[in-house]
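Quick notes on the structure that follows.
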Amino acid sequence: MRWYEVTVVATEQSQEMVAHYMHELGAGGVSIEESWSPDKPRDTSLGQWYDKPLNDIPAGLAHIKGYFPEDADTDSTVKELTELLRGLPEFGYDAGDFTVSVAEVNEEDWADAWKKYFKPIAVSERLTIKPTWEEYEPREDELIIELDPGMAFGTGTHPTTALCLRTLEGAIRGGETVIDVGTGSGILAIGAIKLGAERVLALDLDPVAVSSATENIKLNGLEDVVEVRLSDLLGVLRDEPGAEGPASGVRPPVDLVVANILAEIILLFISDVMDVLKPGGIYIASGIYKNKEEDVAAGLLAAGFEIIDRVRQDDWIAFVAGKPKGAGE
């Protein structure tokens with residue numbers, strides 16, 4: 001099968017919004033490649049080793065590629081995408097002097113080529129993400145997340161996902177019930193169980209994400225403790241109050257909610273998160289670029305949360321917020 005590859009070259013700060021728009025316009029997969037210029041700060045806190053730069057993308061820019069089926073109307077897609085990117089400043093993002101281009105590719109040229117760049121990577125003191133096709137011998141205390149992200153979902157190396165995993169490591173004490181909103185490849189749900197959570201309900205609006213997460217949960221042997229459901233944010237909990245799921249049985253109130261999604265989406269359902277958490281429960285919200293930090297902080301405080309911590313990597317922030325112990329009692 002042949003696909004149209006729509007490439008946007010834009011600022012790194014706009015990459016999540018560009019990818020979001022591509023998915024909304026019908027992309028069957030999206031890939032993001034950031035600059036690897038020699039002067040770019042790199043995280044070596046866990047012993048990561050970097051060789052020469054992997055690309056010649058100018059510092060501060062990213063290549064975001066969306067893949068559309070051969071019967072897609074690419075002229076219309078490019079026009080609509082261009083208009084959406086021009087409107088980003090009103091949402092507090094700046095794509096810069098972005099460009100949009102189109103090329104035709106064979107499915108095998110893009111579905112697997114990226115795999116050569118995805119190697120086992122330590123994302124926290126205990127968690128390591130291992131692609132299924134790589135051989136790796138873990139150390140005795142290492143927790144391995146087996147992952148095949150498929151065509152449309154991330155590998156866990158983006159700062160927002162790494163922030164969530166490291167923050168989960170600090171928040172989980174053992175035995176928690178967790179809801180993962182916008183699960184994507186299922187990586188946070190899997191990580192939560194590996195760290196000691198008892199059960200997880202993983203939700204996503206995209207049927208492809210539900211399928212991808214389900215397969216990754218099977219790869220890790222966690223079908224009995226992680227349930228994946230199709231849901232618009234926490235909507236499934238409103239639609240089926242009290243319903244018991246076939247696997248995890250997770251129903252509110254829960255100990256912890258984690259969401260690694262756009263700041264604009266986080267702001268839409270903060271009060272819903274407050275409702276599903278136990279008093280004293282924790283909300284980890286990531287996917288927040290620095291220019292949206294105070295907006296999210298204000299939204300959390302307005303909903304009654306206490307901000308416990310703000311964890312940072314590069315220009316991204318993850319919030320750790322708590323529901324007051326007396327709330328709802």
Side-chain angles (χ1 to χ4, degrees), residues 12-21 23-24 84 87-95 158-168 170-171 176-184 188-189 192 201-206 231-239 252-329:
E12 286 183 1
Q13 71 145 284
S14 69
Q15 63 184 351
E16 297 287 340
M17 289 295 289
V18 177
H20 172 70
Y21 286 148
H23 282 300
E24 290 289 305
L84 288 168
L88 278 178
E90 68 180 277
F91 299 108
Y93 295 91
D94 179 12
H158 189 273
T160 59
T161 309
L163 277 173
C164 268
L165 289 168
R166 288 200 292 273
T167 307
L168 278 171
E176 290 87 351
T177 52
V178 178
I179 298 177
D180 173 17
V181 184
T183 194
L188 299 180
L201 175 62
L203 306 176
D204 207 291
L205 178 62
D206 188 341
S231 178
D232 184 358
L233 302 176
L234 293 171
V236 70
L237 301 178
R238 295 191 299 270
D239 298 339
V254 299
D255 301 294
L256 192 150
V257 174
V258 59
N260 180 27
I261 48 183
L262 292 167
E264 286 77 8
I265 308 302
I266 287 171
L267 289 168
L268 290 177
F269 75 114
I270 290 177
S271 60
D272 292 340
V273 176
M274 175 66 81
D275 290 342
V276 303
L277 278 173
K278 296 177 182 178
I282 297 296
Y283 180 29
I284 297 172
S286 187
I288 301 156
Y289 196 72
K290 63 182 181 181
N291 65 327
K292 293 293 180 178
E293 178 178 359
E294 295 310 318
D295 290 344
V296 174
L300 289 167
L301 293 172
F305 278 101
E306 299 170 344
I307 297 176
I308 299 170
D309 197 8
R310 306 186 193 201
V311 188
R312 305 174 190 275
Q313 183 174 331
D314 299 334
D315 291 326
W316 301 92
I317 298 98
F319 280 87
V320 182
K323 180 173 180 175
K325 289 186 177 181
E329 294 183 341

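Because the structure is predicted, anything quoted here is derived from the model rather than measured.
- Atom CG in Leu205 sits 11.5 Å away from atom NE2 in His23 (nearest 0.5 Å).
- Partner Leu203 forms a side chain to side chain contact (heavy atoms under 4.5 Å, CB included) with one of Asp180, Asp232, Ile179 and no other, that one being Ile179.
- By the 4.5 Å heavy-atom criterion applied to side chains, Arg166 and Val311 are not counted as neighbours.
- In this structure, the separation between CG on Asp275 and CG on Leu237 is 10.5 Å, given to the nearest 0.5 Å.
- Side-chain contact between Ile307 and Phe319: present, with at least one pair of heavy atoms (C-beta onward) separated by less than 4.5 Å.
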Passes side chain to side chain contact (heavy atoms under 4.5 Å, CB included), Ile308 versus Ile282? Steps please.
-> CA-CA 9 Å; Ile308 299 170; Ile282 297 296; 3.5 Å; yes
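- Ring geometry, Tyr93 versus Tyr289: the interplanar angle falls from 30° to 60°, so the pair is classed tilted.
- Listed here is the closest heavy atom pair of Gln313 and Ala162: OE1-CB, 3.9 Å.
- For the residue pair Ala259 and Ile266, the shortest heavy atom distance occurs at O-CD1, 4.4 Å.
- Heavy-atom minimum distance, Leu267 versus Gly299: CD2-CA, 4.2 Å.
- Annotation for Ile270 and Leu300: closest pair CD1-N, 3.8 Å, computed over non-hydrogen atoms.
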Could you walk me through whether Leu84 and Leu88 pass the side chain to side chain contact (heavy atoms under 4.5 Å, CB included) test, one step at a time?
-> CA-CA 7 Å; Leu84 288 168; Leu88 278 178; over 6 Å; no
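- In this structure a side-chain-to-backbone donor-acceptor pair under 3.5 Å is present from Asp255 to Thr177.
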Audit row: Glu264, Met17, side chain to side chain contact (heavy atoms under 4.5 Å, CB included) steps and yes/no = CA-CA 10 Å; Glu264 286 77 8; Met17 289 295 289; 4.2 Å; yes
When you look at Glu176 and Lys278, which way does the salt bridge (charged side-chain N to carboxylate O under 4.0 Å, His left out) test go after all the steps?
-> CA-CA 11 Å; Glu176 290 87 351; Lys278 296 177 182 178; over 6 Å; no
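- Residue His20 holds its NE2 atom at 5.5 Å from CD1 of Ile265, rounded to the nearest 0.5 Å.
- Taking CD1 from Ile261 and CG from Leu233, the interatomic distance works out to 5.5 Å, rounded to the nearest 0.5 Å.
- Side-chain atoms of Ile284 and Val257, non-hydrogen and from C-beta on, never get closer than 4.5 Å to each other.
- With salt bridges taken as basic N to acidic carboxylate O contacts below 4.0 Å, none links Lys325 and Glu306.
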Output, in order, the C-alpha distance, side-chain angles, deciding distance and verdict of side chain to side chain contact (heavy atoms under 4.5 Å, CB included) for Phe269 and Val181.
-> CA-CA 11 Å; Phe269 75 114; Val181 184; 3.9 Å; yes
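- Ser286 approaches Leu163 most closely through the heavy-atom pair OG-CB, 4.1 Å.
- A donor-acceptor pair is defined here as one N or O able to donate and one able to accept, closer than 3.5 Å; no such pair exists between the side chain of Ser271 and the backbone of Ala303.
- For the pair Lys292 (side chain) and Phe91 (backbone), a donor-acceptor distance under 3.5 Å is present.
- Remark: the backbone N or O of Ala202 is not paired with any side-chain donor or acceptor of Thr183 at under 3.5 angstrom.
- Here the straight-line distance linking atom CG of Asp315 with atom OG1 of Thr160 works out to 12.5 Å at 0.5 Å rounding.
- In this structure, Arg310 pairs ionically with Glu294, as a charged nitrogen and a carboxylate oxygen lie closer than 4.0 Å.
- Between Tyr283 and Phe305, the ring planes lie tilted relative to each other; the angle falls in the 30° to 60° range.
- Here the CG-NZ distance, from Leu256 to Lys323, works out to 13.5 Å after rounding to the nearest 0.5 Å.
- Between Gly287 and Asn260, the closest heavy-atom pair is N-OD1, 3.3 Å.
- Checked by atom type and distance alone, the side chain of Asp204 pairs as donor or acceptor with a backbone atom of Gly184 at under 3.5 Å.
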